[in-house]
There are 2 protein chains.
Amino acid sequence: MAHLKALDECSIDAVLTDPPYSSGGLTIGQRQQAPSKKYQSSDAQKKFADFPGDNRDQRSFITWATLWLAEAYRVTKPGGVCMMFTDWRQLPAMTDALQAGGWLWRNIVVWDKPTARPSRGEFKRQCEFVLIGSKGKLTPATDRCLPGVYRRSIVASSKRLHLTEKPVPLLHDLLQITPEGCTVLDPFAGSATTAQACLETGRRFIGIELSQTYFETACTRLKTLANWTL
Amino acid sequence: MAHLKALDECSIDAVLTDPPYSSGGLTIGQRQQAPSKKYQSSDAQKKFADFPGDNRDQRSFITWATLWLAEAYRVTKPGGVCMMFTDWRQLPAMTDALQAGGWLWRNIVVWDKPTARPSRGEFKRQCEFVLIGSKGKLTPATDRCLPGVYRRSIVASSKRLHLTEKPVPLLHDLLQITPEGCTVLDPFAGSATTAQACLETGRRFIGIELSQTYFETACTRLKTLANWTL
DNA sequence: CCCGGAGCTGAATCGCACC
DNA sequence: TGGTGCGATTCAGCTCCGG
């Protein structure tokens, strides 16, 4: 949050981020577990480092989300866009936080994960959602009409650097709504997937990550990409 | 609502309905327009009769939805399921109403409409959503795992009996979560699309419709289906 | 019967003119 | 000034018709 406050007003064209969902488990006890236990089957545990900000109850979660969304709003140029991942359970809370942070809520984009885990006798929970907001009237960056549903496979567990890593092609898709050469902010940079997608599509990137472990992972990853300097 | 109150407690296995969305327009005036104006391009107007319950503001809309959802909950058997259509704009309000009505919110199923209207420089608003709730722990009706996304074309305007008619194949898909031979309630029966899907898949159907015009349309439609008596 | 191209529509949205 | 109403606009996919 301190890093976010340090950024200049209206210095960013777009926000694209995947905040902690804080949504695993119906009971307080389950939510208070560390993410690496909550989101993984038991045999896969301890593969990923824990990440901060994922054990709030829903009330303080909304307040906290509103705070960083308002800061992100402040640093974004008028007409800029905000894209934020959420799962089905937190979606209503996140639309509240998005709008409370000042953003104009415009849309829900669907990420269809074909390899989601099935559950017997129920509809699969196979989607995550991307909430779209804008700072006032959206400044169109392209003449194209973009799809509202993206079918992209999740990153294979063996290739993942972060527990909830999003596929790079999906981020490419989402960046289509931003102008080329623009500056993109990710306040929850994680293992820098958004950063990679920005660099690959000719966008500038500003990232913030609280976890020292993931910050170092991100630096390592970005150093392996060719045309990039710290 | 009176018809709903007249039904016996725990007499229904599932609720499947498409209530008025009350979501067109940002201003009071636009919301007060009749649905046939609000949701149709100007040249196509006056083809469909208007339907009631689509001009509440969001606060009274949630209250009203909670009332009928609570009644629907009352008449549903424990372990029964509720499936309710909504659009992106009303989704958070409807999850509140669903849960306030007593239901356990379980999922968001996505209806992907391939022919949604595009808009330049933006993501298409190409989905509607089906909120899934259960009365307590869900009683599984099948061993199969059902998809979480359904790509189904909208009903062609020339073949539609109702402005917001849902495709019958989509309702077939959704009914897969209910046991064969069960009784399904639709408190907003419209032109009886849900009824048709129930009869075609061997479910019993109870429908309620406020609009006399649509009630008569529904009766006509159902009479043309073979194995059915009033 | 299959194929290809023309035509049309959409649970809208935007912006401007007008009270 | 602010709220309201009307008309122009968008293109992928579906329908339909003719070859």
Side-chain angles (χ1 to χ4, degrees), chain A residues 78-79 81 104-110 132-134 136-151 173 176-177, chain B residues 17-58 61 65 84-94 109-131 150-171 188-191 193-194 211 214:
Chain A
V81 70
L104 180 61
W105 177 34
R106 306 190 68 85
N107 203 353
I108 301 176
V109 169
V110 172
I132 311 296
S134 64
K137 195 172 87 63
L138 182 71
T139 306
T142 171
D143 280 342
R144 297 199 304 125
C145 297
L146 305 169
V149 175
Y150 295 92
R151 191 175 171 86
D173 294 335
Q176 293 303 303
I177 205 175
Chain B
T17 193
D18 180 25
Y21 292 176
S22 208
S23 60
L26 294 167
T27 66
I28 295 167
Q30 282 178 301
R31 259 201 317 271
Q32 283 172 345
Q33 286 178 17
S36 61
K37 284 196 179 167
K38 211 161 47 174
Y39 300 129
Q40 295 178 74
S41 49
S42 49
D43 56 339
Q45 269 180 38
K46 291 296 162 201
K47 182 172 184 306
F48 298 107
D50 288 324
F51 47 87
D54 198 69
N55 47 11
R56 295 172 166 88
D57 70 18
Q58 191 167 59
F61 179 73
M84 172 174 58
F85 281 89
T86 182
D87 71 351
W88 67 276
R89 193 181 288 274
Q90 291 294 352
L91 193 152
M94 293 315 276
V109 169
V110 172
W111 173 29
D112 178 4
K113 302 180 286 186
T115 58
R117 177 174 301 173
S119 61
R120 202 174 42 109
E122 285 198 74
F123 298 108
K124 270 202 287 188
R125 294 169 187 95
Q126 86 184 60
C127 295
E128 288 183 42
F129 303 93
V130 187
L131 300 183
Y150 295 91
R151 189 173 171 87
R152 293 282 186 194
S153 294
I154 58 175
V155 183
S157 168
S158 57
K159 292 182 182 165
R160 238 183 294 160
L161 299 172
H162 191 280
L163 173 56
T164 67
E165 189 171 327
K166 301 293 176 280
V168 175
L170 175 65
L171 298 174
F188 303 94
S191 56
T193 313
T194 305
S211 153
Y214 282 120

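Here is the naming used below: chain letters follow the sequence lines, and residue numbers restart at 1 for every chain. The structure displayed is predicted, hence computed values, not measured ones.
The shortest distance between side-chain heavy atoms of R117(B) and K124(B) does not fall below 4.5 Å.
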Q. Dot-bracket, DNA chain D: Watson-Crick or G-U, under 3.5 angstrom, [ ] crossing, | other strand?
A. .||||||||.|||||||||
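Residue P19(B) comes nearest to F85(B) through the heavy atom pair CD-O, 3.6 Å, listed as atom of the first residue, atom of the second, then distance.
Rounded to a whole Å, the OH atom of Y39(B) is 10 Å from the P atom of dT13(C). For the pair I108(A) CD1 and dA12(C) P, the interatomic distance rounds to 13 Å; values are reported in whole Å. Atom-to-atom, CZ of R117(B) to P of dT13(C) comes out at 9 Å; the value is rounded to the nearest Å. Atom pair E122(B):CD and dT13(C):P shows a separation of 9 Å (rounding to whole Å applied). Computed from coordinates, the E165(B) CD to dG10(C) P distance equals 12 Å when rounded to whole Å.
Residue R125(B) places at least one side-chain N or O under 4.0 Å from the OP1 or OP2 atom of dT13(C). Contact between the side-chain N/O atoms of S157(B) and the OP1/OP2 oxygens of dG10(C) is found at a separation under 4.0 Å. The side chain of S119(B) contributes no N or O atom lying less than 4.0 Å from OP1 or OP2 of dA12(C). Side-chain N/O atoms of K113(B) include none lying less than 4.0 angstrom from OP1 or OP2 on dA12(D). Not one side-chain nitrogen or oxygen of K124(B) sits closer than 4.0 Å to the OP1 or OP2 atom of dG10(C). Between R160(B) and the phosphate of dG10(C), there is a side-chain N or O to OP1/OP2 separation shorter than 4.0 Å.
Atoms OG1 and CD1, on T142(A) and I177(A) in that order, are 9.0 Å from each other to the nearest 0.5 Å. Rounding to the nearest 0.5 Å gives a distance of 5.5 Å between CG of L91(B) and OG1 of T86(B). A distance of 13.0 Å separates CG of L170(B) from CZ of R151(B), quoted to the nearest 0.5 Å. To the nearest 0.5 angstrom, W105(A) atom CH2 is 7.5 Å from R89(B) atom CZ.
P114(B) comes within 4.0 angstrom of the backbone, heavy atoms only, and of no base. The residue P140(A) sits apart from the nucleic acid: no heavy atom pair falls under 4.0 Å.
K159(B) has no carboxylate O lying under 4.0 Å from a charged side-chain N of E165(B), or vice versa, which leaves the two without a salt bridge.
Checked against dA11(C), dT10(D), dG13(D), the side chain of I154(B) finds its nearest nucleotide in dA11(C). Distance from the side chain of Y21(B) is smallest to dA11(C) among dA11(C), dC14(D), dC16(D).
Here, dG7(C) and dA11(C) have their P atoms 23 Å apart, quoted to the whole Å.
No donor-acceptor contact under 3.5 Å links the side chain of D87(B) to the base of dA12(C).
The stretch residues 143-151 of chain A touches DNA chain D through D143(A), C145(A), each having a heavy atom within less than 4.0 Å of the strand.
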Give each protein N/O atom lying under 3.5 Å from an N/O atom of nucleotides 16-18 of chain C, with the pair distance.
none

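The aromatic rings of Y150(A) and F123(B) stand perpendicular to each other, their planes meeting at an angle above 60°, with 30° marking the opposite boundary.
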